[in-house]
Asks: 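Here you go, one structure.
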Amino acid sequence: MKLIQQLLFLFFINFACSQNYREASIIFNDSSSIQGFAEIKNNVIYFKIKQEDKADKWSYDIVKGLIFAAYGYSEKYEYVEFEHSKPKLLQVVEEGYVNLYRDAKIYFKGGNTNFDANNLPTNTDGSWEMSEAFYVKRKTELYVTDIKFSFNLRAKKYFGDCKKVIERINNKKFTKKNIKDMVFFYNEYCGSDDE
């Protein structure tokens with residue numbers, strides 16, 4: 001009986017792990033793309049053409065990003081450059097004159113120990129928490145800028161060419177809690193091709 005339970009457990013784990021791959025299109029640096037199945041682990045894209053295939057590793061040296069798409073919903077990720085570190089795969093939240101990128105991490109916080117979301121903890125005295133950072137980048141810029149850290153100072157400097165955005169930051173209509181709305185507003189009412 002114990003052998004059957006162990007086999008069922010192994011089957012369940014294998015099945016659960018194989019379901020991490022979602023329908024996706026991988027976008028290469030030359031803008032060509034291929035459809036298949038993908039997942040993201042540790043800033044690396046794992047991609048395969050068919051579900052039953054073995055996944056290959058892809059990183060920023062060959063790939064620009066990827067788009068998960070299924071059931072009428074899409075989620076885009078791109079490798080973006082940082083001034084003092086290697087490119088990182090971030091979610092594209094808003095595209096326009098200024099692109100907005102999001103880096104979210106889910107972790108378990110319990111007792112004195114933090115666990116990564118991929119390592120399921122057994123401690124029930126904790127909770128799942130999420131941290132997120134937002135970055136902005138104009139098409140003409142090489143590196144992204146962290147807009148959430150020291151929000152008032154950085155947002156006023158970055159969006160200083162748009163008086164309407166500065167007024168809304170000063171009036172607390174735009175805060176670090178609604179960065180997406182601020183970037184959308186900028187792209188809609190302030191952005192221009194003259195930059």
Side-chain angles (χ1 to χ4, degrees), residues 22-33 38 40 42-45 58-107 109 114 117 127-195:
R22 299 188 288 167
E23 289 183 37
S25 295
I26 192 166
I27 305 164
F28 296 99
N29 287 335
D30 67 358
S31 297
S32 63
S33 65
I40 300 169
N42 300 324
N43 205 40
V44 176
I45 297 171
W58 298 88
S59 64
Y60 59 88
D61 52 346
I62 298 173
V63 175
K64 181 178 180 180
L66 107 138
I67 300 172
F68 290 113
Y71 309 111
Y73 175 76
S74 69
E75 192 176 342
K76 185 175 183 179
Y77 290 82
E78 283 184 1
Y79 281 107
V80 294
E81 298 213 27
F82 288 78
E83 190 168 6
H84 300 292
S85 64
K86 292 181 180 180
K88 193 170 185 180
L89 193 61
L90 301 178
Q91 181 183 8
V92 179
V93 178
E94 170 75 23
E95 289 184 289
Y97 301 109
V98 171
N99 288 348
L100 177 64
Y101 301 94
R102 177 177 170 252
D103 184 20
K105 296 191 183 329
I106 299 172
Y107 59 94
K109 189 173 183 180
N114 289 334
S127 63
W128 289 99
E129 296 186 14
M130 182 173 76
S131 67
E132 56 185 359
F134 289 97
Y135 302 91
V136 288
K137 180 175 162 295
R138 289 185 173 88
K139 294 176 185 178
T140 58
E141 296 171 337
L142 183 59
Y143 305 115
V144 293
T145 300
D146 182 348
I147 199 71
K148 191 172 179 182
F149 179 76
S150 191
F151 173 79
N152 279 336
L153 179 68
R154 291 185 183 204
K156 286 178 184 178
K157 183 177 177 182
Y158 197 85
F159 297 104
D161 61 335
C162 183
K163 291 179 184 176
K164 292 177 184 179
V165 170
I166 301 303
E167 287 172 15
R168 289 172 184 248
I169 292 170
N170 289 335
N171 295 335
K172 307 270 188 243
K173 290 182 180 176
F174 288 145
T175 65
K176 63 181 166 184
K177 293 182 180 178
N178 62 352
I179 291 173
K180 182 179 177 181
D181 296 335
M182 180 182 64
V183 174
F184 178 79
F185 182 90
Y186 179 87
N187 285 336
E188 191 71 22
Y189 298 106
C190 303
S192 69
D193 291 324
D194 299 334
E195 292 183 316

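In this text the structure is predicted, and so the values were computed from the model without any measurement. Scope of the values below: all heavy atoms of this structure, side chains included, with no hydrogens, waters or symmetry mates.
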Asks: Flag the pair D146 and K148 as a salt bridge only when some basic side-chain nitrogen lies within less than 4.0 angstrom of an acidic carboxylate oxygen.
Replies: no
Asks: Name the one of I147, V93, N99, D103 that satisfies side chain to side chain contact (heavy atoms under 4.5 Å, CB included) with Y135?
Replies: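 So the option named by the test is D103.
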Asks: Is it true that a side-chain atom of Y79 and a backbone atom of N43 form a donor plus acceptor pair closer than 3.5 Å?
Replies: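 Side chain of Y79 to backbone of N43: a pair is present.
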Asks: Measuring from atom CZ of F185 to atom CG of N178, what distance do you get when rounded to the nearest 0.5 angstrom?
Replies: 11.5 Å
Asks: Check the pair I26 / W58 against side chain to side chain contact (heavy atoms under 4.5 Å, CB included), numbers first and verdict last.
Replies: CA-CA 9 Å; I26 192 166; W58 298 88; 3.7 Å; yes
Asks: Strictly distance-based, threshold 3.5 Å: is any side-chain N or O of N42 a donor or acceptor partner for the main-chain N or O of V44?
Replies: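 No; zero donor-acceptor contacts below 3.5 Å.
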Asks: Check V165 against C190 and note the closest heavy-atom contact, atom names and distance.
Replies: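 What the structure gives for the nearest pair is CG2-SG, 4.2 Å.
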Asks: Do you know which two heavy atoms are closest between A24 and F68, and how far apart they sit?
Replies: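 Between these two residues, the closest heavy atoms are CB-CD2, 3.7 Å.
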Asks: Output the distance between atom CZ (R154) and atom NZ (K176), rounded to the nearest 0.5 Å.
Replies: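 The distance works out to 11.5 Å.
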Asks: Check M182 against I169 and note the closest heavy-atom contact, atom names and distance.
Replies: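 Closest approach of M182 to I169, heavy atoms only: SD-CD1, 4.0 Å.
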Asks: Which ring pair (Phe, Tyr, Trp, His ring centres under 6.0 Å) pairs, counting each pair once, include a residue from residues 136-166, with sequence neighbours left out?
Replies: F159-Y186
Asks: Could you go through the salt bridge (charged side-chain N to carboxylate O under 4.0 Å, His left out) check for D161 and R138 one step at a time?
Replies: CA-CA 13 Å; D161 61 335; R138 289 185 173 88; 3.7 Å; yes
Asks: Are any of the side-chain heavy atoms of Y101 and V92 separated by less than 4.5 Å?
Replies: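 Yes, at least one pair of side-chain atoms sits under 4.5 Å.
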Asks: Heavy-atom count check: over 12 atoms from other residues, nucleotides or ligands less than 6.0 Å from K156 NZ?
Replies: yes
Asks: Atom CZ in F82, atom OG1 in T145: separation rounded to 0.5 Å?
Replies: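 Interatomic distance, F82 CZ to T145 OG1, rounded to 0.5 Å: 10.0 Å.
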Asks: Would E141 and V136 satisfy side chain to side chain contact (heavy atoms under 4.5 Å, CB included), going step by step from the backbone distance to the final call?
Replies: CA-CA 10 Å; E141 296 171 337; V136 288; over 6 Å; no
Asks: Measuring from atom OH of Y97 to atom CD of E188, what distance do you get when rounded to the nearest 0.5 angstrom?
Replies: 9.0 Å
Asks: Nearest 0.5 Å please: distance from the CZ atom of R22 over to the CD1 atom of I67.
Replies: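 One finds 12.5 Å between CZ of R22 and CD1 of I67.
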Asks: Rounded to the nearest 0.5 Å, how far apart are CD of E95 and NZ of K139?
Replies: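 Output value for this atom pair is 8.5 Å.
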